[in-house]
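All remarks here apply to the structure that follows.
Letters A, B, ... are given to chains in the order of the sequence lines, protein chains preceding strands, and every chain is numbered from 1.
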There are 2 protein chains.
Amino acid sequence: MIPVQKALPEATLSRMTGYLRALEAMREVGRSTISSEVLAAAAGVNSAILRKDLSLLGTFGTRGVGYRIEVLAETISATLGLERDWRVGILGAGNLGRALAGYAGFREGGFSIQAVFDVAENIIGDTVAGLTVRPVGELAAATAELGLNMAVLAVPGPAAQRLCDRVVGAGITNILSFAPVILHVPEGIHIRRVDMARELQILAYHAGFGAGRPADPA
Amino acid sequence: MIPVQKALPEATLSRMTGYLRALEAMREVGRSTISSEVLAAAAGVNSAILRKDLSLLGTFGTRGVGYRIEVLAETISATLGLERDWRVGILGAGNLGRALAGYAGFREGGFSIQAVFDVAENIIGDTVAGLTVRPVGELAAATAELGLNMAVLAVPGPAAQRLCDRVVGAGITNILSFAPVILHVPEGIHIRRVDMARELQILAYHAGFGAGRPADPA
DNA sequence: CGATGTGAACCCTTTCACAGCG
DNA sequence: CGCTGTGAAAGGGTTCACATCG
């Protein structure tokens, strides 16, 4: 009802991207409206929570009909801030950095990879996803020149804090890190971490539950 | 107090791996005990929740002293099921697959990469992290032969469901997917998803909050 | 005396179920 | 009549604060 002004809850936020993805798929199939039931199934959630999430955007579904795919996709996209011009620099041109540079999902939604940096002499100058790998020393200059406003850290744990500091020093305030360490950043810097090893460990726990246990009497 | 029998809450689980990492670091520095305050800081959480999490393991800290690092690390490790012999097959030998194959974090905690598969003729036979890339056709045979009990899907979205089905067909019941799609699996199959694009989008939202907004009166 | 372990309060999410609207 | 939008209820998770114990 009321248009968005307040921050969305984290839980809602993490589902929004799934809705967006499902909506794009629907759009490609040529549909124009969709019910919460169907969209929820496509996004892998239940319909009640989908409706509640959408209601936070100050929504506008049509009772008895559903949501207009086009309108909904644009609203979500705008809410997430994907309308802005996100210029991303990747730190680390190892396999992970290369994978991310070429990852289609990163190119969608306004994110464009503008530069790739590394410290290793022997790969500086290589071409990665159409970009020339630069020395980290050029970080500040490149940030200004290219207007970078987001950094992805794809470097080993021990190097991460040091490079993170340089990223911050260069004036970038938004960081996505793949390094398995806690990074310390000043107030005002937004940081998120993807922890791939964590996921494997959680999977191991669920997988082993009941199997590696002390004998389940029953 | 009571030794573990029940499943740990998801939230607790996702912090455990952080504690484990911090404990390893402490161990290397040669400490033998640690307080909840210090460990919590190292893991990036507050001490109250750390104590509550550990109490779920049926714990054994010493009041006035803290926890024994060695004992705690082993308890967590055993609880997560890292004592088991996890034999991982990676599907997809592109940049992401290669990055994962070489990722140190995946080699820790009992996970060992045993095989890498791909469908592309031109890379079958390549060497990745010391392993020869096999055709996906060998999946079932290799699973039996090598005792694979975990699969990592590092393939493009459109191929993921198909390959997921083959993984399940080969008898692997634990899957970590990096593909940005909802995968459908039979009852009894454990699956987790890492969504890298999602993280960027959430970061964009937080970054843009207050900036891309309709003008904040005040 | 210092740090754990935990009841109780609080807050955030999810689910239920249905009134209300197109 | 069907589907949205939402109060109200239920369920988890986190924080507080302190009794308890080594």
Could you check whether any side-chain N or O of [X] sits under 3.5 Å from a backbone N or O of [Y], counting only pairs where one atom can act as donor and the other as acceptor?
X	Y	value
B/Gln201	A/Leu82	no
A/Arg98	B/Leu96	no
A/Gln161	A/His184	yes

From [atom1] of [X] over to [atom2] of [N], roughly how many Å is that when rounded to an integer?
X	N	atom1	atom2	value
A/Leu50	D/dT6	CG	C1'	14 Å
A/Leu39	D/dC3	CG	P	14 Å
A/Arg51	C/dA19	CZ	P	15 Å
B/Asp53	D/dG12	CG	C1'	13 Å
B/Leu56	C/dT6	CG	P	10 Å
B/Glu37	D/dC16	CD	C1'	14 Å
B/Leu13	D/dG12	CG	P	16 Å
B/Leu8	D/dG12	CG	P	15 Å

> Quick one: on DNA chain C, does A/Ile49 or A/Gly64 contact a more 5' nucleotide (nearest heavy atom)?
Replying inline: A/Ile49
>> Are A/His206 and B/Asn174 packed together at the side-chain level, in the sense that at least one heavy-atom pair is separated by less than 4.5 angstrom?
In response: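 SC-SC contact between A/His206 and B/Asn174 ruled out.
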> Does the side chain of B/Leu163 reach to within under 4.5 Å of the side chain of B/Phe117, using non-hydrogen atoms?
Replying inline: no
[X], nearest nucleotide to its side chain (from [options]):
X	options	answer
A/Ala48	C/dA3, C/dT14, C/dC16	C/dC16
B/Arg63	C/dT14, C/dT6, D/dA19	D/dA19
B/Ser55	C/dG5, D/dG5, C/dT14	C/dG5
B/Ala11	C/dT13, D/dT14, D/dG5	D/dT14

Under 4.0 Å between a side-chain N or O of [X] and OP1 or OP2 of [N]?
X	N	result
A/Tyr67	C/dG22	no
B/Ser36	C/dT4	yes
A/Arg15	C/dT14	yes
B/Asn46	D/dT14	no

>> Under 4.0 Å, heavy atoms only, any strand: does A/Glu10 hit a base, just the sugar-phosphate, or nothing?
In response: sugar-phosphate
> Does the C/dT6 base have a donor-acceptor partner in the side chain of B/Lys52 within less than 3.5 Å?
Replying inline: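 It does not, because no donor-acceptor pair links the side chain of B/Lys52 to the base of C/dT6 below 3.5 Å.
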